[in-house]
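Accompanying notes for the structure given below.
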Amino acid sequence: DHKFVCTSATLNTSRVMEKKSSPMAGPATRREFIKKSATAAATVAVVNQFKTPVYGQAQAPAAGRVIGANDRINVAFVGVGGQGMAHLRTIKSNAGDNNVAIVAVCDVSKHRAAEAKAWAEKDNGGACESIPDYRKLLEKKDVDAVVVATVDHWHTKISVDGMNAGKHIYVEKPMTRYLGEAFEIYDTCKKTGKILQVGSQGCSDVKWHKAAELCKAGKIGQLVLGQGSYMRNTPKGEWNYGIQSWATAEDIDWKAWKGPVVQNRPFSADDYFRWRKYYPYCAGLLGDLFPHRLHPLVLATGNPEFPRRVVCTGAKPIKSDKKTPGTPERDVPETVGALVEFPSGYQLVVTSSTVSEQGLRDMIQGHHATLYMGGNRVELKPERPFAEDVDEAVFENLAPGEDIKWHEKNWFESIRANKQPNAGIELAVRVQTIVSLAEMSERLNVACIFDEKTRKVTTDSGRELKLLTYGWNELS
């Protein structure tokens, strides 16, 4: 038995303030090493391993505790690295307001698990258990909800197992590493009825909900085009985080950290801290920054759709890793751009970069008017031919804005009310489909056509494409 161990749009109207006013005027040998290391035998072994039933599927899903409006929610964390600890600190700081308690943590690093336990318990935080195996954590009857903030390739396994064990899930973005996993999570969520929130906190920013309200009401006519960006400029290479001295093979369960990844690499502190650079663990910009903009932009249409066609390109024009001594060159692009076509005819353009911080203005263009989203406001401007029919307007002082604490609060409120959260499963599975098709398009150099009924992907010519998954090539 493989030792699985864990790794690191409903609004509260009382908080929404809205005002309508007049408009304002390195080294390049990594690939060779990987090709030599990954073997066909390893591929077959892991593929067969993941055909076996996941934890809890041999029996009916656990119902979990029914949580009333005034009941305390007991929260556990699987993965307490940078993002996991950010959630732990924020949830602890707002534990009184949200009526929650942190009762357990789990991580493949002994150092990180001990740090998280100490932080949870300090200042009279109450007892918090550190559990090395996430499956044991899920067996605890006193755990109601789990924050999954591991590396991307563990998101699906832990989320699915958690829901089958009766737990509500907050899973960091991207929801999954690959497209097939997205539907595994979706089907499990629908089967169990558990509340799942994806960690794209922009979805709890009220301006996107205001935009959705205007779109649904037909205020800008039929949707035509949309655009947005998430841009950074990191001269020494994005995600080249500092390597800490405690991160050793003795501290970290490397086999467990890798989980379903087929690539046969020995322990690497560079991989451990800088995993977002490497395809076996992450889709790079598409997995990290894209979801921050995609979730809100798709939500803002008022009618989230699955994509019909996705085309994506990527490049590494700067090769910024050469400015961080000792780190290999990244697998993933430094710039990406995606064009997404939806069944309604609406098209969305999204760009992201780690080497240029100037991006596209967030907007949704309709046949009659355009919405501009920025800061705490939404601006509606009519198209010239419809200026007599559509009133120009600005909605400002919209609150709350984008902040993890509001997104966490929305999750807790949704659990108590048994309602869908702001980044719930219906939105999340559609966005993950875009993300995964964009990766397929960029890496396979094809336009990807998606059929939401069959969940199959084809080329323009109708040739079916096998979904990317663990073991599909040497960088997986």
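For reference, positions follow the sequence shown, starting with 1.
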Considering all heavy atoms of both residues, which atom of Gln227 and which atom of Leu348 are nearest to each other, and what is their separation? N-CD1, 3.7 Å
Check: Ser109 side chain, Arg112 main-chain N or O, donor-acceptor pair, under 3.5 Å: yes
Check whether the side chains of Asp271 and Tyr281 place a donor and an acceptor atom closer than 3.5 Å, and report yes or no. yes
For residues Pro174 and Gly287, report the shortest heavy-atom separation together with the two atoms involved. CD-O, 2.8 Å
Would you call Lys453 and Asp451 a salt bridge, taking side-chain N to carboxylate O under 4.0 Å as the test? no
Is there a side-chain contact between Pro400 and Val206, using heavy atoms and a 4.5 Å cut-off? yes
Side chain to side chain donor-acceptor pair (under 3.5 Å) between Thr234 and Thr354, intermediate numbers included: CA-CA 6 Å; Thr234 310; Thr354 59; over 6 Å; no
Salt bridge between Lys157 and Asp161, side-chain N to carboxylate O under 4.0 Å? yes
Side chain proximity check, Asn164 to Lys194, heavy atoms < 4.5 angstrom: no
Using the salt bridge (charged side-chain N to carboxylate O under 4.0 Å, His left out) rule, take Lys405 and Asp403 through it: C-alpha gap first, then chi angles, then the decisive distance, then the call. CA-CA 5 Å; Lys405 70 179 181 180; Asp403 194 302; 5.1 Å; no
Is a side-chain donor or acceptor of Lys92 paired with a backbone partner of Lys122 at a separation under 3.5 angstrom? yes
Within the 4.5 Å heavy-atom criterion, are Leu88 and Val105 side-chain neighbours or not? yes
Working for side-chain contact (heavy atoms from CB on, under 4.5 Å), residues Tyr372 and Arg361: CA-CA 8 Å; Tyr372 300 93; Arg361 186 176 184 183; 3.4 Å; yes
For the side chain of Lys207 and the backbone of Gly374, is there at least one donor-acceptor N/O pair under 3.5 Å apart? no
The single option from Leu196, Thr176, Thr433, Val429 passing side-chain contact (heavy atoms from CB on, under 4.5 Å) against Tyr186: Val429
For the atom pair CG (Asp107) and CZ (Phe77), what is the distance rounded to the nearest 0.5 Å? 12.5 Å
Which heavy atom in His209 sits nearest to a heavy atom in Asn422, and how many Å separate them? CE1-OD1, 3.6 Å
Is a side-chain donor or acceptor of His155 paired with a backbone partner of Thr150 at a separation under 3.5 angstrom? yes
Flag, side chain of Trp275 to backbone of Val151, donor-acceptor distance under 3.5 Å: no
Asp391/Lys381 under salt bridge (charged side-chain N to carboxylate O under 4.0 Å, His left out): CA gap, chis, key distance, verdict: CA-CA 8 Å; Asp391 292 331; Lys381 282 194 172 183; over 6 Å; no
Flag the pair Cys215 / Ile220 as yes when at least one side-chain heavy-atom distance between them is below 4.5 Å, and no otherwise. yes
Over all atoms of both residues, closest heavy-atom pair of Gln197 and Pro421: OE1-CB, 3.1 Å
Heavy-atom distance under 4.5 Å between the side chains of Leu223 and Thr301, does that happen here? yes
Within the distance-only criterion (no hydrogens, no angle test), does the side chain of Lys173 pair as donor or acceptor with the backbone N or O of Val198 below 3.5 angstrom? no
When you measure from the side chain of Ser441 to the backbone N and O of Leu437, does any donor-acceptor pair fall under 3.5 Å? no
Any side-chain to backbone donor/acceptor pair from Ser476 onto Tyr470? Under 3.5 Å, distance only. no
To check you understand the geometry: which heavy-atom pair defines the closest contact between Leu465 and Cys448, and what is its length? CD1-SG, 4.1 Å
Would you kindly say whether Asn98 and Lys409 are connected by a side-chain donor-acceptor distance under 3.5 Å? yes
Lys466 and Glu464 ion-paired at < 4.0 Å: no
Main chain of Phe386, side chain of His368: is a donor-acceptor contact present, judged purely on distance under 3.5 Å? no
Glu439-Tyr279 side chain donor-acceptor pair, cut-off 3.5 Å: no
What's the spacing between Leu285 CG and Glu442 CD if we round to 0.5 Å? 10.0 Å
Measuring only between side-chain heavy atoms, which start at C-beta, is Val349 closer than 4.5 Å to Leu225? no
Quick test of your reading of the model: are Glu426 and Arg430 salt-bridged, counting only N-O distances below 4.0 Å? yes
Within a strict 4.5 Å, meaning less than it, do heavy atoms of the Val336 and Phe290 side chains meet? yes
Modelled atom types, side-chain donor and acceptor of Glu305 and Ser344, under 3.5 Å: yes
Report the C-alpha distance between Glu238 and Arg232 in whole Å, list the side-chain angles of each, state the deciding distance to 0.1 Å, and finish with yes or no for salt bridge (charged side-chain N to carboxylate O under 4.0 Å, His left out). CA-CA 8 Å; Glu238 183 72 16; Arg232 291 177 181 170; 2.5 Å; yes
So, for Tyr178 and His153, is the gap between ring centers shorter than 6.0 Å? no
For the CG atom on Asp460, are there more than 12 heavy atoms of other groups (residues, nucleotides or ligands in this structure) within a distance under 6.0 Å? yes
Cut-off 3.5 Å, side chains only: do Asp288 and Trp239 have a donor facing an acceptor? yes
Separation of Lys456 NZ from Leu179 CG (nearest 0.5 Å): 13.5 Å
Please assess Val378 against Leu380 for the test side-chain contact (heavy atoms from CB on, under 4.5 Å), listing each intermediate value before the final yes or no. CA-CA 7 Å; Val378 175; Leu380 187 157; 5.8 Å; no
Test item: Val350 and Leu360 side chains (from C-beta on) under 4.5 Å apart, heavy atoms: no
Should Glu396 and Lys210 count as an ion pair when the cut-off is N to O under 4.0 Å? no
So, for Val394 and Glu379, which heavy atoms are closest and what is the spacing to 0.1 Å? CG2-CG, 3.8 Å
Between Arg293 and Asp362 (salt bridge meaning N to carboxylate O under 4.0 Å), is one present in this structure? yes
Centroid-to-centroid, His87 to Trp411, below 6.0 Å? no
Distance col, row Arg416:CZ vs His168:NE2, nearest 0.5 angstrom, shows 10.5 Å
Look at the side chain of Lys167 and the backbone N and O of Val143, then say whether any donor-acceptor pair between them is shorter than 3.5 Å. yes
Decide, yes or no, whether a salt bridge links Arg177 with Glu181 under the criterion of side-chain N to carboxylate O below 4.0 Å. no
Are there over 12 heavy-atom neighbours, none belonging to Gln222, within less than 6.0 Å of that residue's CD? no
What I want to check is whether the side chains of Glu341 and Gln347 have a donor and an acceptor closer together than 3.5 Å. no
Under the rule for salt bridge (Lys or Arg N to Asp or Glu O under 4.0 Å), what residues qualify as partners of Arg72, not counting sequence neighbours? none
Asp142 bridged to Lys140 by N-O distance under 4.0 Å: yes
Derivation and outcome, side-chain contact (heavy atoms from CB on, under 4.5 Å), residues Val435 and Met175: CA-CA 10 Å; Val435 169; Met175 184 171 73; over 6 Å; no
Indicate whether any N or O donor in one side chain lies under 3.5 Å from an N or O acceptor in the other, for Thr188 and Glu184. no
